[in-house]
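One structure below.
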Amino acid sequence: MSAGRADTDDGASRAFELLAEPVRRWIWQQGWSELRDVQERAVPAILGGGDVILAARTAAGKTEAAFLPLLSQALPRLDGRRPGFCVVYVSPLKALINDQFRRLEGLLEACGMPLHRWHGDVSADAKRKARERPQGVVLITPESLEATLVRRGGEAARLFGNLDAVVVDELHAFVGTERGRQLQSVLSRIEVAAGRDRIDRIGLSATLGDMALAREALRPGEPDSVRLVESAEGGADLLLQVRGYECPRRPEPPPGGGGTDVAAVGVAAAEPVAAHLFEVLRGRRNLLFAGSRQNVEVYTDHLRAMSEAARLPNEFFAHHGNLARAEREAVEARLREDGRPTTAVATTTLELGIDIGDVESVAQIGPGWSVSSLRQRLGRSGRRRGVPSVLRIYVSEDAFAPTLHPADRLRLDVVQAVAMIGLLLDRWCEPPRVGGLHLSTLVQQTLALIAQTGGLRPDTAWQVLCRHGPFRNVGRDLFVEVLRAVARREAALVEMSPDGLLMLGPAGERLVAGHDFYAVFQVDEEYRVLAEGGKLLGTLPLDSTLATGQTIIFNGRRWRVESIDARARALLVSPTNAALPPRFGGGWAGVHDRVAAAMRDTLIGAGVPAFLDAGARALLEQARHAFREYGLAHDAIVAVGRDCVIFPWVGGPKLDTFALALLARNFQASPVRHAIEVRDCSAPGLRAIVSELARSPPPDGEALARLAAKPMRERYDPYLTEALLARVAAAERLEAHEVPNVARRILGRSA
DNA sequence: GACCTGCTGCGGCCTG
């Protein structure tokens, strides 16, 4: 079954021979006839010591691949061992810790070693017992590790001084994120506190797009020391289909406001899709990724009503982040243990490795957000040998009309789905965006380190966090600037003691004492959107790049952003007229450059993929027709009345940056899906400026960043200065150096 | 035109 097995001449597994006796006995008891591929190869790699990444598809047995050798290593030293855990396993999800606890219980028992669960839902009593007699394996979240260091910094050496290894599950979920940076820092602080040069790290993942980045994430600064065990096993056949639907145009909102009932329109558009879903999913075990919480509710309700109408027991259940934990766990348990047909209708909640067993098919509404999420979703089906993975993507576009927005006439959802599947089949997925400064998390880590140690010299803090820790792109000068910012009277997070030690200031004391200090990621931050006279229109997520002068679409109408109060988190807007028809939404996270390029190739090409149904084929044909009609192969600028739309076919950050560069030249430019809208300008005038941008040196990224709102997007950003926030934004979210190249791309098609 | 993740210590009350 397993390709690439490292068998010895007599057929016995070499890896098996390397394992300790109790571990081998446990394997026999499981009735396993052989080790899986990733296990066979992980055993010698891990027993050899050092850092290792285990990359293998979901359900390939990665957890055992890490623990069989780690426990074998720990067993002989069990007698007379000093206190301290042998292995710390870190997971991004509490639910995953609970799954792994169930899975590892028997193995640990067979080895006569304790297994501890440690997260916010575990009783304080169980955690106290684990702390008092630290032995065996502990399954923990990054936040609980942080809390242990902050509250009991003095015990770190006793708890973690004898660790053989740290296992990081779902490594990809941490790469490039604030939370990942925190975990890197916590692991490095543990090494320092334990007086250990390094403690081996084992990273587990199914979806790593770029192994060089994954290595750097596991051991910052020393990626070459991380060995890679990539499993050859897996790769079920894939049956896939993109289904296209044309839906009646959304009604225009009545003049004078009031808005449209978006949910009702959504329900109407969902009907033909729901009918097909009901037909193919009923009676089986499936996952349906609906894209948004509202869509999850709409589709679950539809499918449930259809079951009732057909006098069948309901088998469709919702699963998203706003549902109570017990409701979600009931759906997971039904998928995992219950033989009855079940479809979970979910957001991204079921993408990570929570154990729900194998499903027969995966369906998705819309093209989704990324190729890596597509790959993650696909890994949920086709796990049994000889059974293919089944994926259906449903895409709805507005019914054709000559007045449609150019972006709608280009049928971008269908085109994006086709482009993404092409990249998926090429085995590509988005690398994480790394290289961020993560100053928000640096603020939190500085406070945590002060609390853990009781105070330290600024240079020691820099050595621990930056020079030898994960904030390697923060030099001494920048660290001093951050310290000055958080020591300001209005921040008061830190202060200097008379003997030159960094101490917590009054506000810092309060923050560290708070229950919500341990998590570094931002939650539920939104702008209030205010019209003239202070009338509240609603709220808008903070993660859309907005600048004064740009146009947003809200409550079915277009608005000009008049002013932005980042600290009060408020947008002041006024109604604006537009030649372009209104479309809902405004925020657009953007795709990767390579997806945008693949979309352009799809529009230029003539081939029709076999996985398109008749509806999707028709939509692709319309899209290619519109692409030719606009002359987009030669000219990236389309004039619409008094406005223009630019299609540069670049990813989100370049699109945002280029819109800001135009805004800096007094154009009213706003990024929209895959395009930039520019109000009140002529195509020749716009072309002249783009050509100037192509000839000029790149604009200053920090100056562009200052034009955009939302500098306060991360948790500790409010304590930083405007200058530091612009530096973070320029480094993490903009690509100013690419502006001349993007301009040339636009003009290249004008030539 | 998204979505998701996480959390201590202590005082006071109740039950066996």
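Order of the sequence lines sets the chain letters (A, B, ...), proteins ahead of strands, with each chain counted from 1.
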Practice item. Determine the contact category for A:Thr177: base if any of its heavy atoms lies under 4.0 Å from a base atom, sugar-phosphate if only primed atoms, P, OP1 or OP2 are that close, otherwise nothing. Key: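 No contact.
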Between [atom2] on [N] and [atom1] on [X], what's the gap in Å once rounded to a whole number?
{"X": "A:Gln522", "N": "B:dT5", "atom1": "CD", "atom2": "P", "answer": "16 Å"}
{"X": "A:Asp408", "N": "B:dG1", "atom1": "CG", "atom2": "P", "answer": "11 Å"}
{"X": "A:Leu149", "N": "B:dG9", "atom1": "CG", "atom2": "P", "answer": "12 Å"}
{"X": "A:Glu714", "N": "B:dC4", "atom1": "CD", "atom2": "P", "answer": "17 Å"}
{"X": "A:Phe521", "N": "B:dC3", "atom1": "CZ", "atom2": "C1'", "answer": "13 Å"}
{"X": "A:Asn295", "N": "B:dC4", "atom1": "CG", "atom2": "P", "answer": "13 Å"}
{"X": "A:Glu351", "N": "B:dC4", "atom1": "CD", "atom2": "C1'", "answer": "9 Å"}
{"X": "A:Asp121", "N": "B:dT8", "atom1": "CG", "atom2": "C1'", "answer": "13 Å"}

Check your understanding: Do the non-hydrogen side-chain atoms of A:Ile421 and A:Ile393 ever get within less than 4.5 Å of each other?
Key ->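 Yes, at least one pair of side-chain atoms sits under 4.5 Å.
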Point to revise | A:Gln444 and A:Leu511, any side-chain heavy atoms less than 4.5 Å apart | key: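 The answer is no; the side chains never approach within 4.5 Å.
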For [N], does OP1 or OP2 lie under 4.0 Å from any side-chain N or O of [X]?
{"X": "A:Arg128", "N": "B:dT8", "answer": "no"}
{"X": "A:Thr349", "N": "B:dC4", "answer": "no"}
{"X": "A:Ser373", "N": "B:dC3", "answer": "no"}
{"X": "A:Arg328", "N": "B:dT5", "answer": "yes"}
{"X": "A:Lys127", "N": "B:dT8", "answer": "yes"}

Check your understanding: If only atom types and distance count, is the side chain of A:Arg151 paired as donor or acceptor with the main-chain N or O of A:Gln452 below 3.5 Å?
Key ->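 Flag not set: sc A:Arg151 to bb A:Gln452 has no pair under 3.5 Å.
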Review point. Mapping A:Pro92 and A:Tyr518 to their closest nucleotides on DNA chain B, which lands nearer the 5' end?
Key: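 Going by which nucleotide is closer to the 5' end, it is A:Pro92.
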Check your understanding: Given that A:Gly291 and A:His119 both sit by DNA chain B, which one's nearest nucleotide is further toward the 5' end?
Key ->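 This one resolves to A:Gly291.
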Between [options], spot the one nearest the side chain of [X], thanks.
{"X": "A:Thr347", "options": "B:dG9, B:dC3, B:dT5", "result": "B:dC3"}
{"X": "A:Lys94", "options": "B:dT8, B:dG6, B:dG9", "result": "B:dG6"}
{"X": "A:Leu93", "options": "B:dT8, B:dT5, B:dA2", "result": "B:dT5"}
{"X": "A:Thr348", "options": "B:dT8, B:dC3, B:dG9", "result": "B:dC3"}
{"X": "A:Arg179", "options": "B:dT5, B:dT8, B:dG1", "result": "B:dT5"}
{"X": "A:Trp369", "options": "B:dG1, B:dT8, B:dT5", "result": "B:dG1"}

Review point. Can we say A:Arg179 and A:Glu146 salt-bridge, meaning some charged N sits less than 4.0 Å from an Asp/Glu carboxylate O?
Key: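 Result for this pair is no, no salt bridge flagged.
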Practice item. In plain terms, say whether A:Arg594 and A:Glu430 are close enough for a salt bridge, that is, a side-chain N and a carboxylate O under 4.0 Å apart. Key: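 Answer for the salt bridge query: no.
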Review point. Which heavy atom of A:Leu159 sits nearest a heavy atom of A:Pro134, and at what distance?
Key: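 Taking every non-hydrogen atom into account, CD2-CB, 3.7 Å.
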